[in-house]
Amino acid sequence: MGTLTKANPNARELLTEILDKTRWWSTLGLIVDFLRSKGVERVRIEFGFVLDPDLEGKPQAQEQIVQLDDLEGFIKKGFDEGTIEWAKASDFLFQPLGTELVFMLCNDADLHFASADSSLLMELGHKIRSSGIKVYDSGRLI
């Protein structure tokens, strides 16, 4: 915990239980809908270091900005290409532009999300929880 709050010590971080791929995609869809309802149009993407492409001499993926409507397809393509890993050694981060939220698909296959806007963070946490996914705040279920 605390990975996302290092850049902003005023931020609070929540995380989900470990997700299988089916639950990941449903949670991501919920997040995209939530962000759309908040007027988000674009998302900044950051890649963690991915060992397999590096060992093969391939360049690491670069930070970029994608349209929110393209986020799910972008992530699917990243899984297919190996620039985003599922439950391996690297993390994948995305930050919706115009919000104080930041997300990380952790190398443990759980989702971390943080914000200095506590009400926004808890609104999203409760929305995710209402879908049947366990959400934790400092080790306690919300």
Side-chain angles (χ1 to χ4, degrees), residues 1-8 11-142:
M1 244 325 251
T3 303
L4 299 178
T5 59
K6 286 180 185 174
N8 183 351
R12 181 173 171 190
E13 185 174 338
L14 302 180
L15 68 138
T16 68
E17 64 186 301
I18 293 174
L19 304 170
D20 62 24
K21 281 195 175 181
T22 300
R23 294 176 92 191
W24 157 250
W25 289 115
S26 64
T27 302
L28 180 60
L30 187 143
I31 290 168
V32 167
D33 289 343
F34 177 81
L35 295 173
R36 191 177 292 120
S37 77
K38 300 299 181 188
V40 171
E41 296 179 6
R42 299 182 311 149
V43 180
R44 179 182 316 281
I45 303 295
E46 296 179 37
F47 296 89
F49 180 77
V50 182
L51 184 60
D52 289 340
D54 186 61
L55 292 176
E56 295 168 9
K58 297 177 184 174
Q60 294 292 315
Q62 299 296 312
E63 179 181 310
Q64 56 190 287
I65 294 175
V66 299
Q67 293 297 119
L68 179 63
D69 291 338
D70 297 333
L71 181 62
E72 291 171 277
F74 182 89
I75 292 172
K76 182 182 182 329
K77 183 179 176 187
F79 284 145
D80 293 345
E81 293 176 343
T83 56
I84 302 172
E85 294 183 319
W86 182 261
K88 289 191 178 180
S90 69
D91 301 324
F92 171 72
L93 289 92
F94 60 100
Q95 180 176 9
L97 299 178
T99 71
E100 290 192 38
L101 284 165
V102 62
F103 297 86
M104 179 177 66
L105 176 57
C106 184
N107 61 0
D108 295 328
D110 56 356
L111 178 71
H112 297 235
F113 50 109
S115 179
D117 183 338
S118 196
S119 63
L120 181 67
L121 184 68
M122 293 308 289
E123 180 183 355
L124 178 57
H126 289 302
K127 184 172 276 307
I128 292 171
R129 188 188 72 191
S130 71
S131 75
I133 304 293
K134 293 176 184 169
V135 178
Y136 298 92
D137 181 3
S138 300
R140 283 177 244 151
L141 284 170
I142 65 163

Open item on the list: Test your reading of the model: is there a side-chain donor-acceptor pair from Thr16 to the backbone of Val135, 3.5 Å cut-off?
Closed with: no

Task: Partner of Thr99 by side-chain contact (heavy atoms from CB on, under 4.5 Å), out of Leu97, Val102, Leu101 - done: Leu101

TODO: Working to the nearest 0.5 Å, report the span between CD1 of Ile84 and CZ of Phe94.
DONE: 9.5 Å

- [ ] Could you tell me how the ring of Phe79 sits relative to the ring of Trp25: parallel (under 30°), tilted (30 to 60°) or perpendicular (over 60°)?
- [x] perpendicular

Task: Pair Trp24-Leu105, side chain to side chain contact (heavy atoms under 4.5 Å, CB included): steps then yes or no - done: CA-CA 9 Å; Trp24 157 250; Leu105 176 57; 4.0 Å; yes

Open item on the list: Assess the residue pair Thr83 and Phe74 against the criterion (side chain to side chain contact (heavy atoms under 4.5 Å, CB included)); give the C-alpha distance rounded to whole Å, side-chain angles, the decisive distance to 0.1 Å, and a yes or no.
Closed with: CA-CA 10 Å; Thr83 56; Phe74 182 89; over 6 Å; no

Task: Heavy-atom side-chain proximity of Ile65 to Val43 below 4.5 angstrom - done: no

Task: Shortest non-hydrogen separation from Val66 to Leu71 and the atoms involved - done: CG2-CD1, 4.3 Å

Task: Test item: Arg129 side-chain N/O and Ile142 main-chain N/O as donor-acceptor pair under 3.5 Å - done: yes

Open item on the list: Nearest 0.5 angstrom please: Ile31 CD1 to Lys127 NZ, how far?
Closed with: 11.5 Å

Open item on the list: Please determine whether a side-chain nitrogen of the Lys or Arg among Lys38 and Glu123 lies less than 4.0 Å from a carboxylate oxygen of the Asp or Glu.
Closed with: yes

Task: Within 6.0 Å of NZ in Lys21, more than 12 heavy atoms from elsewhere - done: yes

TODO: Quick one: pull up CZ in Arg12 and CE in Met122 and give me the separation to the nearest 0.5 Å.
DONE: 5.0 Å

Task: CG on Leu124 to CG on Leu35, rounded to 0.5 Å - done: 7.0 Å

Open item on the list: Are the side chains of Phe103 and Leu93 in contact, using a 4.5 Å heavy-atom criterion?
Closed with: no

TODO: Check Pro96 against Val40 and note the closest heavy-atom contact, atom names and distance.
DONE: CB-CG1, 3.7 Å

TODO: Drop me the distance from Leu19's CG to Ser26's OG, to the nearest 0.5 angstrom.
DONE: 8.0 Å

- [ ] Could you list the residues that satisfy side chain to side chain donor-acceptor pair (under 3.5 Å) with Thr22, not counting sequence neighbours?
- [x] none

Open item on the list: Please find the pair of heavy atoms, one from Glu72 and one from Gly29, that lie closest to each other, and give the distance.
Closed with: OE2-CA, 3.7 Å

Open item on the list: Using a 6.0 Å cut-off, check whether atom CD of Glu17 has over 12 heavy atoms from anything other than its own residue.
Closed with: yes

Task: Main-chain N/O of Arg140 paired with Asp137 side-chain donor or acceptor, under 3.5 Å - done: no

Open item on the list: Looking at Arg23, I'd like to know if its CZ atom is crowded, meaning that more than 12 non-hydrogen atoms belonging to other residues, nucleotides or ligands lie closer than 6.0 Å.
Closed with: yes

Open item on the list: So Phe92 and Glu46, do their side chains get closer than 4.5 Å, heavy atoms only?
Closed with: no

Task: Listed partners of Arg36 passing side chain to side chain contact (heavy atoms under 4.5 Å, CB included), at least two apart - done: Val32, Asp33, Leu68, Asp69

Open item on the list: So, taking the atom named CD in Glu100 and the one named OG in Ser118, what distance separates them when rounded to the nearest 0.5 Å?
Closed with: 11.0 Å

TODO: Go through Lys134 and Leu141 one step at a time and tell me if the side chain to side chain contact (heavy atoms under 4.5 Å, CB included) criterion holds.
DONE: CA-CA 7 Å; Lys134 293 176 184 169; Leu141 284 170; 3.7 Å; yes

